[in-house]
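The structure under discussion appears below in the form of structure tokens.
Since we're looking at a predicted model, the values are computed, not measured. So you know, we letter chains A, B, ... as the sequences are listed, proteins then strands, and number each from 1.
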Amino acid sequence: METFWQDLKYAARMLVKRPVFTAIAVLTLALGIGANTAIFTVVNAVLLRQLPFPHAERLVMLWEQDKDRQPSNTSFATYVDWRNESQSLENVAALSDWSPTITGQNPAERLDGLRVSASFFRILGVKPVLGRDFLAEEDHRGNNRVAILSNGLWIRKFGSDPAIVGKTITMDSFHYVVVGVLPAGFESPFANFRQKTTEIWSPLAYNATLPWACRDCRHLRAVGRLKPGVPLEQARAEMNTISHNLFLEYPHEYSAEGVIVTPLQEELVGDVRGALFALLGAVGFVLLIACGNVANLLLGLAAQRSREIAIRSALGSGRGRLVRQLFTESVLLAMLGGAAGLLLALWGVDFLISLAPGNLPRLNEIHLDGQVLAYTLGLCLLTSLLFGMAPAWQIFRMDPNESLKKGGRQTGAGRRHPMRGALVVSGVALALMLLIGSSLMLRSVNSLLGVNPGFDPQHLLTMEIDVSGVSYEEDVPCVAGPCRTVLNFYQQALARIRALPGVEAAGTASQLPLGGNLDMYGMHVEGKLSANPQDDPNADRYGISLGYLRAMRIPVLRGREFTEQDRADSPPVVLISDTFARRMWPGEDPLGHRIKMGADARPWRTIVGVVGDVRHKGLDAPHTMQIYLPQTQWLDSSTALVVRSTGDPLALASAVRNAVWSVDSNQPISNTATMDRVIATSMAQRRFAMTLFGIFAGLALVLAAVGLYGVLTHNVSTRTNEIGVRIALGAQSGHIVRLVVNEGLLLTGIGIVIGLAGAAALSRFLASQLFGVTPTDAMTFAGVPLLLAAVALLACYVPARRATRVDPMVALRYE
Amino acid sequence: MIKLHNVEKSYEVGAGRTWVLRRIDLEIKEGEFLTIMGPSGAGKSTLLAILGMLDGAWTGEYNLFEHAVHKLKNQQRVELHKRYIGFVFQQYHLLDNLTVAENLDLPLSYRDLKKSERQSTVADVLDRFQIVGKKDLYPSQLSGGQQQLVAVARAVIGNPKVLLADEPTGSLHSSHGKMIMDLLKELNRQGTTIIQVTHNDAWAAYGGRILNLLDGWIAKEDRPGA
Ligand SMILES: Nc1ncnc2c1ncn2[C@@H]1O[C@H](COP(=O)(O)OP(=O)(O)OP(=O)(O)O)[C@@H](O)[C@H]1O
Ligand SMILES: [Mg+2]
């Protein structure tokens with residue numbers, strides 16, 4: 001113990017005596033450890049930490065598998081069968097997105113909500129802090145006007161009213177009784193693109209007789225809880241059997257592809273998992289480079305200290321003792337670096353959160369905690385081992401007598417350490433891999449920006465309008481009644497918007513392309529009824545007003561667009577997208593053919609036109625089949641307004657809002673944004689990953705360059721005498737510069753070759769982050785090394801200049 | 001051939017200035033063998049560096065053949081150096097990681113010569129100094145005398161008119177020292193002007209003229225032969 005304290009004292013003294021060395025080493029380590037801690041904080045919160053529910057590992061999502069093997073929503077009929085027949089699941093709840101507009105408390109506000117089976121909160125294991133959970137009988141029509149509030153909504157909208165339970169609130173002109181308030185810590189794990197969080201819940205209250213409860217009315221999500229001790233695989237096998245039986249029973253409505261069962265946690269973070277692990281790998285590389293640099297600094301120091309070490313060993317200190325002394329220094333350095341890194345990480349995590357896209361799952365759970373601290377501590381010890389190994393190894397190789405004889409002075413050309421070169425080479429190789437990864441991601445985002453979305457996003461203003469106080473069925477022709485009022489409201493609002501100066505065109509649609517909303521239907525095609533209904537193609541549905549296509553500049557390729565004549569009571573019509581036409585009628589004219597959306601009760605619709613494809617799910621998603629219905633024949637309660645302006649679209653925002661409110665001041669307007677912004681948001685996660693990867697690659701590049709610089713500088717200083725001799729023998733500045741630069745470029749070159757091989761092997765792990773560029777893109781693999789070489793040249797230049805300033809008289813003075 | 005007039009060199013030390021060379025007037029004829037002697041710190045190496053144009057920071061006049069060195073820019077001095085000067089150091093200063101042949105090639109590589117030309121020159125010199133058998137050895141594999149032999153060979157490989165030798169035998173046993181001195185004498189006989197620094201009276205006697213430096217001043221000249 002005493003020797004430990006003595007080691008520590010010497011180590012501290014050594015670091016204090018060399019402030020520049022210590023500062024550089026601590027800063028380098030702080031960058032590496034800080035970046036790792038920050039990213040690990042995110043990874044830990046998002047990927048590793050259990051969801052905050054009791055036995056969260058038993059929560060699973062259940063999806064029907066579509067023919068592209070992708071998970072898709074399920075229907076009420078299927079949900080009921082799953083729930084009743086499964087033995088491996090304790091219970092299953094169905095949920096449906098719900099965006100009610102709450103009135104009564106001004107202003108009217110649209111809420112993010114879910115309609116859920118009564119068992120929903122029991123499955124999650126959450127109990128209200130006020131009031132009670134839903135009752136089973138409230139999951140039936142007639143008893144279902146009850147609501148549970150999130151803690152946040154309760155505070156925000158109801159001023160934490162302790163007597164809220166039992167009070168009545170009004171949403172979409174229905175009266176709901178508040179039965180419960182959830183605890184403050186509860187965060188809904190079912191947020192999606194559109195809803196960042198969930199604030200209000202109400203029972204689903206479906207029954208088999210409802211038209212939207214049919215077996216191919218797939219618009220529900222399902223969450224279940226495994227029975228204790230039941231492995232996931234068993235549940236998967238069982239669900240597939242159930243699924244197969246359903247297919248045998250309902251071959252026309254149910255697909256044969258099976259059921260996808262995913263742990264809820266995985267489901268929640270599936271999209272970002274690849275990106276986060278790639279980032280964790282990237283910062284790991286950065287740390288390795290940092291360790292290499294510090295190891296190099298220590299080796300340089302060890303060379304200076306060889307005399308001290310020789311004296312110590314001459315005084316009887318065993319090698320083990322010496323190595324322990326060196327490791328004490330390394331650990332002390334790593335701890336200092338770790339402490340500074342932790343400070344960097346504190347700031348870095350805030351920076352990451354500010355940079356993160358809003359739809360990054362569990363964003364609000366990201367914070368430093370004990371686990372992160374333990375990780376950082378472990379990282380410090382690991383790094384100290386890594387970089388402490390080099391000087392220790394050197395001690396074992398050293399002959400102490402020799403350094404004593406020479407008085408600890410470098411002779412001749414100075415001994416160059418092969419390990420120092422190797423460390424630089426690996427730094428360059430690692431940096432190159434990161435640079436290649438980051439430039440592949442950059443090119444992906446670039447090629448994504450080059451994708452034609454199918455409409456002209458410039459000069460487009462978008463916002464969402466919700467109609468409140470009206471209730472009607474959405475998928476019936478709107479001839480009279482409350483929906484007429486809504487339709488009139490939309491038409492008048494559009495007329496006033498179009499009259500505004502600076503407005504070129506305006507229209508509404510049930511959802512924006514790339515806006516994150518999905519409304520998919522299985523399509524029946526007349527005369528082509530598929531033998532297997534699971535071959536029925538799915539199509540995205542848009543309910544649009546007149547003027548929408550023009551405002552978006554979506555071209556009409558064949559036939560006509562909708563007109564005033566497409567009324568609620570006129571024959572049902574539909575526009576289809578180019579992809580739809582080409583897939584279903586290759587080489588034929590689709591005009592005049594009829595299609596029907598899913599449920600048998602729906603009418604046949606005549607195709608009157610073909611319009612251009614738009615990207616719906618993302619710029620990187622393949623073209624889907626799309627259909628457009630006139631708003632008069634399918635009215636949505638919430639719509640997206642698009643306004644094409646002649647100038648800056650945002651400058652029109654308040655005029656447009658006022659035009660809407662001049663028709664009806666009760667309508668909440670939300671999500672005002674330019675279309676460019678909407679597209680940028682759809683790419684936000686990709687950009688996030690790209691930006692971070694870029695930052696880390698840049699950091700790696702700087703560290704690698706600093707490492708190269710450090711070694712060359714050290715070499716120049718140990719070669720002063722040799723350089724002096726060369727100058728005395730007639731070498732000119734050019735020769736000396738070349739001498740140093742060649743050495744640097746040789747190290748860089750070897751690093752580049754290794755790095756290219758490494759990148760070729762590793763870049764496929766980035767494949768999920770790439771778009772429009774192959775993981776072994778030739779341009780990237782050729783261009784990035786050039787960039788790296790240019791930076792390396794810069795790093796060589798300073799030591800090379802220093803070498804030319806060597807006074808040749810050192811050769812004469814040398815004694 | 002070499003004419004120094006009023007050459008002076010000083011270093012700024014703290015607030016003042018210390019003089020290393022004072023009012024050096026010196027003329028050296030082509031084919032001379034000059035020995036510079038004097039106590040340690042007298043300025044011998046400094047004078048040699050100025051003569052060899054390794055040191056540019058001095059005042060006064062220096063004429064080398066028809067060139068007024070004091071008026072030349074650094075780059076031109078480097079050119080002159082390459083054309084006329086060869087250097088031998090007390091510590092040999094062979095480069096450890098180059099073989100004997102590569103060490104010999106070094107000065108040639110800094111001149112614009114064709115590779116084949118360089119190779120044949122190196123081969124000639126190896127032959128002339130009878131070290132062909134050693135050409136692929138590294139300096140650490142040679143004795144001190146052999147190393148200095150190679151160093152002299154390297155100094156004369158560019159056919160310098162003037163060979164500057166700063167205590168060439170300082171690190172050698174006397175038998176080796178004699179070999180090197182004989183070699184210098186022979187080179188001098190073949191026409192090379194030699195300027196050597198030595199502390200050894202016997203070696204000084206190899207030269208034709210002895211210059212004594214004392215605290216930067218020329219103290220006296222001896223002409224042992226005259
Ligand atoms: N950079 C410098 N700054 C100040 N003084 C210097 C510097 N370099 C050399 N000197 C001084 O110049 C003087 C002459 O040095 P020089 O090396 O020419 O002596 P020397 O006669 O060759 O001695 P020795 O016989 O020991 O080789 C010395 O007193 C030395 O201290
Ligand atoms: Mg000297």
Side-chain angles (χ1 to χ4, degrees), chain A residues 303 399 402-403 405-407 409-421 711-712 714-744 746-747 800-801 803-815, chain B residues 9 20 40-41 44-57 74-75 77-98 103-113 138-140 147 151 154-155 157-158 160 164-167 170-171 197:
Chain A
D399 177 358
E402 190 187 355
S403 11
K405 260 196 315 222
K406 289 192 174 158
R409 201 178 50 189
Q410 301 280 319
T411 50
R415 232 186 295 144
R416 259 172 290 165
H417 205 294
M419 194 191 254
R420 302 189 54 127
V711 163
L712 291 181
H714 175 85
N715 284 354
V716 165
S717 70
T718 59
R719 290 170 80 182
T720 319
N721 182 50
E722 174 197 341
I723 291 165
V725 170
R726 285 176 182 269
I727 293 174
L729 293 177
Q732 282 163 273
S733 300
H735 295 118
I736 301 300
V737 166
R738 235 172 295 148
L739 190 71
V740 177
V741 169
N742 282 349
E743 183 182 3
L746 178 69
L747 293 175
R801 285 308 309 177
T804 62
R805 285 195 294 268
V806 164
D807 184 351
M809 283 165 65
V810 296
L812 293 173
R813 290 263 155 69
Y814 197 84
E815 278 146 44
Chain B
K9 168 147 185 99
V20 180
S40 189
K44 308 181 291 293
S45 296
T46 308
L47 180 57
L48 222 52
I50 290 171
L51 290 172
M53 285 164 290
L54 294 182
D55 186 348
N74 193 37
Q75 189 60 36
R77 291 185 185 181
V78 171
E79 284 305 318
L80 275 189
H81 166 99
K82 283 205 277 188
R83 211 164 117 201
Y84 293 118
I85 311 289
F87 254 109
V88 179
F89 314 93
Q90 176 180 357
Q91 302 286 339
Y92 337 136
H93 287 320
L94 298 177
L95 298 195
D96 294 344
N97 47 355
L98 301 186
N103 263 293
L104 292 183
D105 184 51
L106 202 58
L108 301 179
S109 72
Y110 295 135
R111 291 162 173 79
D112 287 326
L113 296 173
Y138 286 92
S140 57
Q147 289 190 47
R154 186 178 68 178
I157 197 163
L164 302 172
D166 196 352
E167 302 184 46
S171 306
V197 171

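If you measure heavy-atom distances from B/Glu167 to chain A, you find no contacts under 4.5 Å at all. Only the side chain of B/Asp166 comes within less than 4.5 Å of a heavy atom in chain A; its backbone stays farther off. With a threshold of 4.5 angstrom between heavy atoms, B/Ser109 approaches chain A through N, CA, C or O but not through any side-chain atom. Of the two parts of B/Leu106, only the side chain, counted from C-beta on, holds a non-hydrogen atom closer than 4.5 Å to a non-hydrogen atom of chain A.
When the heavy atoms of residues 44-53 of chain B are compared with those of chain A, the residues falling under 4.5 Å are B/Ser45, B/Thr46, B/Ala49, listed by number. Interface residues of residues 729-736 of chain A toward chain B, defined by a heavy-atom distance below 4.5 Å and sorted by number: A/Leu729, A/Gly730, A/Ala731, A/Gln732, A/His735.
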Should A/Val806 and A/Arg726 be marked as a side-chain contact (heavy atoms from CB on, under 4.5 Å) after you check the CA-CA gap, both sets of side-chain angles, and the distance that decides it?
CA-CA 10 Å; A/Val806 164; A/Arg726 285 176 182 269; over 6 Å; no
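Remark: A/Val737 pairs with A/Val741, A/Ala800, A/Thr804 by the side chain to side chain contact (heavy atoms under 4.5 Å, CB included) rule, at least two apart or across chains. Taking the side chain to side chain donor-acceptor pair (under 3.5 Å) definition, one finds that B/Arg154 meets it with B/Asn103, sequence neighbours left out.
B/His81 places a side-chain N or O within 3.5 Å of a backbone atom of A/Ala728 that can act as its donor or acceptor partner. Put simply, the side chain of B/Lys82 never gets that close to the backbone of B/Arg111: no donor and acceptor are under 3.5 Å apart.
The minimum heavy-atom distance between A/Ala803 and A/Val740, with the atom names listed, is CB-CG2, 3.8 Å. The nearest pair of heavy atoms linking B/Ser171 to B/Gln91 is OG-NE2, 4.1 Å. Of all heavy-atom pairs between B/Ala151 and B/Val88, the closest is O-CG2, 4.4 Å. Of all the heavy atoms in B/Ala155 and B/Pro160, the pair that sits closest is O-CG, 3.3 Å. Between B/Leu54 and B/Phe87 the shortest heavy-atom distance is CD1-CE1, 3.4 Å.
Side-chain contact check for B/Leu95 versus B/Asn97: some heavy-atom pair is nearer than 4.5 Å.
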